[in-house]
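Bear in mind that the values here come from a model prediction, so they are computed numbers and not experimental data. Chain naming here is simple, since letters A, B, ... match the order of the sequence lines and numbering starts at 1 in each.
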Protein chains: 4
Amino acid sequence: MSANTFGTLFRVTTWGESHGPALGAVIDGCPPNIDLSESDIREMMDRRKPGRTKTGTARREPDQAKILSGVFEGKTTGTPICLVIENKNIDSSAYKPYAELYRPGHGDFTYDAKYGIRDWRGGGRASARETAARVAAGAVAATLLKRENIRVLAYTRALGGITCKEFDSSTIEKNPFLAPDIDAARQMEKRVEEVKKAGDSIGGIVEILVCNMPAGLGEPVFDKLDAELTRALMSIGAVKGVEIGSGFSAADKTGSQNNDPILPDRFGSNNAGGILAGISTGQDIIARVAVKPIPSIAKEQNTVDKNSKPRTISVKGRHDISAIPRINVVCEAMVCLVLADHLLRQKAIW
Amino acid sequence: MSANTFGTLFRVTTWGESHGPALGAVIDGCPPNIDLSESDIREMMDRRKPGRTKTGTARREPDQAKILSGVFEGKTTGTPICLVIENKNIDSSAYKPYAELYRPGHGDFTYDAKYGIRDWRGGGRASARETAARVAAGAVAATLLKRENIRVLAYTRALGGITCKEFDSSTIEKNPFLAPDIDAARQMEKRVEEVKKAGDSIGGIVEILVCNMPAGLGEPVFDKLDAELTRALMSIGAVKGVEIGSGFSAADKTGSQNNDPILPDRFGSNNAGGILAGISTGQDIIARVAVKPIPSIAKEQNTVDKNSKPRTISVKGRHDISAIPRINVVCEAMVCLVLADHLLRQKAIW
Amino acid sequence: MSANTFGTLFRVTTWGESHGPALGAVIDGCPPNIDLSESDIREMMDRRKPGRTKTGTARREPDQAKILSGVFEGKTTGTPICLVIENKNIDSSAYKPYAELYRPGHGDFTYDAKYGIRDWRGGGRASARETAARVAAGAVAATLLKRENIRVLAYTRALGGITCKEFDSSTIEKNPFLAPDIDAARQMEKRVEEVKKAGDSIGGIVEILVCNMPAGLGEPVFDKLDAELTRALMSIGAVKGVEIGSGFSAADKTGSQNNDPILPDRFGSNNAGGILAGISTGQDIIARVAVKPIPSIAKEQNTVDKNSKPRTISVKGRHDISAIPRINVVCEAMVCLVLADHLLRQKAIW
Amino acid sequence: MSANTFGTLFRVTTWGESHGPALGAVIDGCPPNIDLSESDIREMMDRRKPGRTKTGTARREPDQAKILSGVFEGKTTGTPICLVIENKNIDSSAYKPYAELYRPGHGDFTYDAKYGIRDWRGGGRASARETAARVAAGAVAATLLKRENIRVLAYTRALGGITCKEFDSSTIEKNPFLAPDIDAARQMEKRVEEVKKAGDSIGGIVEILVCNMPAGLGEPVFDKLDAELTRALMSIGAVKGVEIGSGFSAADKTGSQNNDPILPDRFGSNNAGGILAGISTGQDIIARVAVKPIPSIAKEQNTVDKNSKPRTISVKGRHDISAIPRINVVCEAMVCLVLADHLLRQKAIW
């Protein structure tokens, strides 16, 4: 219980189901006197909307977060900021056939196991739609980071087995997969077409880069900055793995290969991914997350119904082929929330 | 700040530095009427001690946690349990030469950046010795899990580039690397000798398996069971990556490959790693962590001192070659803490 | 910061300003499968509305909380319940003259001191209107308590210097002051008329009674049940003092007078007010709060403006003469929130 | 559960029973680079020790808190400070006769109701001895307040029905009751002798004064500074009521009497007790607590044993006649903890 709040000082509480009247977030602890408008939030939310990319659903979700409190004459007042996003044009009928079924790879079974009740309309609280509230809140956190000149960027490292070999940041916004490698992006396009035809879906890897980080943010022991970032990213539904800096490749390295030499004005490398002993070094933070394929697929799968009777299921409807790249901005939002929180925590150091 | 407490209902607060008089943990929220003795705790702590394995330091740390409160006539009373572990035979002289230096791969630089002060003796709070308190607390959590028949086991998947190809659980306790593959263990032994001679260190991968999990534990959204486990594991100093179930390999799979079919009495596979939508499925939980090589190496490295002057450093002393396998029981402890907490949280569901 | 959330397991986060578009509450941790409808909430909110009583403002506030999430087919799902109350017919013009002034007895000065910015419209976040969200959330808590047969009742012990000498519970809902003494109620009516004519306001004492309490709720040390109740009640704007059981009169008693003898089937008295060592005894809980007079008065007062220039102020508008009896249901709501939380906390005991 | 931690940023976790080997506190969130020694703590603890005053037990408790962590070369490091106080010369035999009895006015019955187990030795966790850890932690908080020149002072307003009529601060430390009125102190002395002869005990009122408060500390809504202070004080075992500023007398006042006029350089009065809308005004904070008589009395009382059989009890041993004035420094400590926490919270405002 009490599990819908995130953060220690910059605290976000989200609420809402996929097909309820609305969903949203309450931000408590945002400092006063920060410029904030609904259009600041829309900008980040627009990057989450489908239709912008080739992996996305054809559904329209022109999301707009309304600010219901905490802002007066264009400035935050230090009191809670409530953001509400209406769910428009809801039609739950497509989900009706699965109301008694457990869709493989979804939370249907586990919600029933935990709560003994489940809102099956659109996946209820377990829907990826829940991340809309995260992005709205993340947009507020991003305004704090901007004041410190910190930039957070997520892009696609791999999709459907195709891995980017180059990193050209100027390419990212120019291809529908947010890949920093234009050749890889072309191959991804073909891969997506194949998979779509096959009634299947694909996963991939998103990389998150934070530039202009100050040194000294984070807490030792349990609230290490890397621990908090990985938790934040792992709390996004489709994520199955997280690594920082050299990550899993560190397992194969020696200490002399993995340690970053310290030079008078900088570090000699960044295997640490910008964090040592849970505290930022001042280098760029680098994290990568493994994104599983969307579990809703047209291909027939074996499952059971609520009474444990064997059934087959073929999930119809306008589903994404991959959570990437719509998930990228969600990763950015979660990283912004963690960093805004730790900025405030560090202020309290005295 | 306030970052040394872990858990929501089963809460652990740790304290203490490597070379201070003692370190320990306070457990708040342990249910009453549980049998608990110092020998219950010793058993788990013994598995952390060095000298048992070939990668370990030759130092002796015959750790014994004393119970100072919360237990009466052999039973917990529901009040806080304070565990204290004395630091014996401390000699900080070996660290004196590095008091003004920033050891690469360590928290020396970041602690100074954060706090403007640092206890350099034995690494202070940033030392891996801090995990002794985690293991002591984890042993208490393990007593709760035992009552529900839940078992947590960590073993070595890879070390210094050598990966286990088989899984024979009976082998784990029979080789000094806690590897479930006896052939791999033999190769690891050779690898360790080479690295030791070279004055270097190695990393690896630890896998954690949880058996007899009940379905329905965990929280949706931010406190997902996988998010909490990831954070718990990532908060261990040497860990650079965490994955659950199919983990990073999910990135290359299709939905039809990665979804676990649901059969009337079980799941057809376990790519989920026992967790869907942040809630346990009742299958085994499977997690893997990437462990970086020990940063303290004899090989000379470039660094700077507090005044940014370039220096070289060769860390002498009796350091482990790898955090594996001493870190394995720390992983178990952290997983135990998360699961005990979520067991209690689920009780509060009503 | 982060100060708008209340509770450990049954957690309520409120937001909203007096003259913003809306205010509301998010309840996280409400158990699933509880019957809940908007009319359950309206019933409690109606008891807060003005116009019902002679001390109340003539303003109309036909408050209606909408449930935006967490309820499916009339039952709670275990996910966060968002309640929104629209602010209708807002006219901030009456507050415009005080935008640069600090009203004595109000938070105008302290909000500026803390935040350097203040929403002056209707008192902003510091308005008593904030308690509407508390009552809406309290109504949800009350549904949990009803399942355990626990009843919470707040009535007026004293108003404007007139103290009830009798306790006749049947009288409470039959007089406009919610007094359990009909003679006292008549005197209160006269007192209110006098004060109204004088352009002044009055305070009083509210008593809260909890019947059918189970023994064993509460936590020793910092989260004692009495500590949590007093904090909850003291967090209501107009409250200046709280006492439990014999309260301040205990200061004049001897131990033999104040101790409650324990008999085989009951306690011989209830000076404890139903709580010993922070844990409920199973007797009725009795608390009393001192309510200060409404600070907004027509009588002229000395104050300063933002630039510290001396000014006089006479607060016009339709203000209540006393926070009593509208505050009574707010006291009930806060007590319900504390008890629901401790009911859940006790479940987690195992 | 999890109820032994206090504070948001300056967090204190206490542990330990009256007759266990030791008790103590862990402080997490104390800023780094603060001078701190064991003698700083002893000074405040000495003011709690018995024998200094005429109401106190003849028992000797030469308490000394040892610092086990978080301090290096005389300065705090920002990591957790563990304080341990040994319980010396413990003899639980005096409590043996009451092991199966419920002492009236004590937590014996409620602990059993909550936990189903109880450490009867010296009252276990419910003993007033628990406050030793609060005072040790409060001494650390006091060092922070001193840097801001904030002073916290608790003195006796009334004892056994005798109320101070004057306030002469120079008198406080010169009489054994810490009363600011020397005539009252003389009467208190007689009253104590009478009560002692009668085998009874007495209560009283403690007033807490905070000087040199900065304006702007505290949080609106639930964590109001007065709400937090009230909870802190009410969490002390013997306290049955708390009031701030005009407190319960506000109930009888009109708005024009109770409002504090604001003048260009100060407030015209201090009925607010230094707090408006939950935030400090910069005036002195004034709080008063009602302290119940010590429940352990020699006079015979009715009670029951664990099996609900009627019994009589006469509590023998060296008990205090009143919690006052030993409780005074505990009140100071709790106020220091709240203020240190809010100082840090205000830093995080940005």
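Summarising the geometry, atom CG belonging to B:L225 is positioned 13.0 Å from atom OG belonging to A:S235; distances are rounded to the nearest 0.5 Å. The line from CG of A:L229 to OG1 of B:T230 is 12.5 Å long, rounded to the nearest 0.5 Å. With rounding to the nearest 0.5 Å, the separation of CD1 in A:I294 from CG in B:N259 is 10.0 Å. Between A:M234 atom CE and B:E228 atom CD the span is 12.0 Å, to the nearest 0.5 Å. Atom CG of A:D200 and atom CG of B:N258 lie 10.5 Å apart (nearest 0.5 Å). Atom-to-atom distance recorded for B:T303:OG1 and A:D260:CG is 11.0 Å, nearest 0.5 angstrom.
Ring geometry, B:F222 versus A:F6: the interplanar angle falls from 30° to 60°, so the pair is classed tilted.
Heavy atoms of B:H106 lying under 4.5 Å from chain A belong exclusively to its backbone. Interface remark: B:S249 contributes no atoms to any contact with chain A (heavy atom separation under 4.5 Å). At a 4.5 Å heavy-atom cutoff, A:T163 makes no contact with chain B through either its backbone or its side chain. In this structure, chain B has heavy atoms under 4.5 Å from both the backbone and the side chain of A:Y102. Contacts between A:F267 and chain B at a heavy-atom distance below 4.5 Å involve the side chain alone, from C-beta outward. The part of A:V291 that comes within reach of chain B is its backbone (N, CA, C, O), which places non-hydrogen atoms under 4.5 angstrom from that chain. If you measure heavy-atom distances from B:I244 to chain A, the contacts under 4.5 Å come from both the backbone and the side chain. At a 4.5 Å heavy-atom cutoff, the contact between A:I275 and chain B is made by backbone atoms alone. Only the side chain of A:K299 comes within contact range of chain B, judged by heavy atoms closer than 4.5 Å. With a threshold of 4.5 angstrom between heavy atoms, A:A158 does not approach chain B through any atom at all. Heavy-atom distances place the backbone of A:N271, and not its side chain, under 4.5 Å from chain B. Neither the backbone nor the side chain of A:R311 comes within less than 4.5 Å of any heavy atom of chain B. With a 4.5 Å cut-off on non-hydrogen atoms, B:Y115 touches chain A through its side chain but not through its backbone. Using a 4.5 Å cut-off between heavy atoms, B:R134 contacts chain A through its side chain alone, with no backbone atom that close. With a threshold of 4.5 angstrom between heavy atoms, B:F109 approaches chain A through side-chain atoms but not through N, CA, C or O.
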For this session: Could you walk me through whether B:T281 and A:T110 pass the side-chain contact (heavy atoms from CB on, under 4.5 Å) test, one step at a time?
Result: CA-CA 6 Å; B:T281 62; A:T110 55; 3.8 Å; yes
For this session: Quick one: do B:R231 and A:D223 satisfy side-chain contact (heavy atoms from CB on, under 4.5 Å)? Show the steps, please.
Result: CA-CA 8 Å; B:R231 178 211 166 184; A:D223 289 3; 2.4 Å; yes
Problem set entry | side-chain contact (heavy atoms from CB on, under 4.5 Å) between B:E243 and A:E243, worked out | CA-CA 8 Å; B:E243 59 179 13; A:E243 58 180 13; over 6 Å; no
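Within the 3.5 Å criterion, the main-chain N or O of B:S256 finds no donor-acceptor partner in the side chain of A:Q301. Distance alone, capped at 3.5 Å, is enough to place a donor-acceptor pair between the B:K240 side chain and the A:A272 backbone. In this structure, B:K114 contributes its side chain and A:G218 its backbone to a donor-acceptor pair below 3.5 Å.
Contact count versus chain A (heavy atoms, under 4.5 Å) is highest, among B:P310, B:A251, B:S296, for B:A251. Comparing A:G203, A:G268, A:G161, A:G160 by heavy-atom pairs within less than 4.5 Å of chain B, the highest count is held by A:G203. Among A:V12, A:D252, A:V304, A:T254, the residue making the largest number of heavy-atom pairs under 4.5 Å with chain B is A:T254. By number of non-hydrogen pairs under 4.5 angstrom with chain A, the leading residue of B:A126, B:A113, B:P220, B:G107 is B:P220. Note on A:V195, A:L276, A:D226: by heavy-atom pairs under 4.5 Å with chain B, the leading option is A:L276. Interface summary for chain A: among B:G105, B:A198, B:G245, the most heavy-atom pairs under 4.5 angstrom belong to B:G105. Of the listed residues (B:A277, B:S201, B:A238, B:P261), the one with the most heavy-atom contacts under 4.5 Å to chain A is B:S201.
For the side chain to side chain contact (heavy atoms under 4.5 Å, CB included) with A:V221, the lone residue among B:N4, B:T131, B:T13 that qualifies is B:N4.
Contact detail for B:P293 and A:G255: the closest heavy-atom pair is CB-N, 3.3 Å. Contact between B:S308 and A:P264 at its shortest, heavy atoms only, is O-CB, 3.6 Å. Scanning both residues, B:R345 and A:A3, for their nearest heavy atoms gives NH2-CB, 3.8 Å. Here the closest non-hydrogen pair linking A:F248 and B:V242 is CE1-N, 3.7 Å.
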